[in-house]
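The shown structure was predicted, so the numbers you read here are calculated from the model rather than taken from an experiment.
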Amino acid sequence: MKSLLLGEHRLPTPPAGDPAFAPLEDPRMYWPVQRARLAKTVREVAQSLGVPVECGLLRLWQYNLPGAAWVEHIGLPRRAVELTLGDQLILHVNPNDLVRATHWQGWPHKYRPNSSAFIWDGEWDLRRGDLRQGSRARFIADIDAHRDDLSQSEAFAKYMARLKAGKPWSSHQQGILLDSEARILTFLRVYLSFMDDMAVRGFDSTRGKDMLGVAVTREGRLLKINRGLHRLAMAQHIGLPSVPVLVKAVHREWWQRVTQGARGKHALELVKESLANCTPETTVS
């Protein structure tokens with residue numbers, strides 16, 4: 001990805017930079033990008049230091065050593081579980097069935113599950129949003145419907161309104177600034193190119209920062225969580241038959257039902273076998 005000059009500064013590679021957005025990188029985003037990169041570095045260092053500890057906790061649980069019950073009580077360290085199970089946590093689902101997502105809006109943070117845990121307690125799985133009514137689905141349908149003249153799209157009007165108000169849209173994660181009509185149109189064309197590429201080549205799980213994440217509800221259904229909603233909306237819009245998703249967490253009630261008190265390798269085998277029967281949630285909460 002090319003770098004841009006700002007005096008003596010060069011715009012560093014943004015944390016979520018994609019070569020397709022390179023023409024939109026702007027040197028005025030230098031310091032926001034630097035702050036985003038620093039935050040990412042600090043986060044990654046903290047995670048790297050924590051992984052050995054988390055793997056040690058998981059081994060303690062796997063061998064049923066003193067403290068194993070406590071490790072399960074706090075939800076098992078998610079990253080250690082992911083390292084242990086690897087691709088066994090990847091499921092393939094029809095994207096048009098994956099229409100429900102966890103809905104955090106208006107819900108106090110203290111009631112939300114711990115993202116560092118693999119087993120989640122609480123009522124999080126009863127708060128379901130409808131992805132078909134979400135902003136990403138509307139955005140993708142809008143730019144596809146106006147692909148021959150993107151200046152007529154709702155998305156173009158939205159970004160232009162921000163520009164005229166003196167508050168152009170920017171992304172410190174991507175290092176871009178939409179401060180002209182031409183840049184807005186280029187930005188929308190990039191998303192169209194992503195969708196057209198997906199229609200030809202299929203879903204590329206390596207393109208975004210993370211895989212499409214899902215969580216297993218108490219009933220054993222899949223809810224969409226975290227990032228990748230634009231990519232999912234594209235897959236739904238063009239009618240892909242299947243996309244890979246990564247199980248990031250499971251509800252404790254489901255965990256207890258499938259493991260029946262087992263621990264260690266046996267419990268993880270039971271979970272792996274049961275995940276194969278998990279299907280996307282479709283009902284409203």
How long is the gap from CD1 on I225 to OG1 on T102, to the nearest 0.5 Å? 6.0 Å
Any chance you could lay out the side-chain hydrogen bond (donor to acceptor under 3.5 Å, both in side chains) test for R128 and T283, step after step, and finish with the verdict? CA-CA 9 Å; R128 305 167 190 161; T283 60; 3.2 Å; yes
Y111/W124 aromatic ring centres below 6.0 Å: no
Is a donor on one side and an acceptor on the other found under 3.5 Å between the side chain of H146 and the backbone of D142? yes
Is the count of non-hydrogen atoms from other residues, nucleotides or ligands lying under 6.0 Å from E154 atom CD greater than 12? no
Atom of K248, atom of E82 and distance for their closest heavy-atom approach: NZ-OE2, 3.2 Å
Centroid-to-centroid, W104 to H109, below 6.0 Å? no
Residues A233 and I140: closest non-hydrogen pair is CB-CG1, 3.8 Å
Minimum heavy-atom distance between S153 and F156, given as atom pair plus value: OG-N, 3.1 Å
Say whether Q173 and S171, considering side chains only, have a donor N or O and an acceptor N or O under 3.5 Å apart. no
Within a 6.0 Å radius of atom CG on D87, are there more than 12 heavy atoms belonging to other residues, nucleotides or ligands? no
Tell me if the aromatic rings of F194 and F21 count as close, with their centers under 6.0 Å from one another. yes
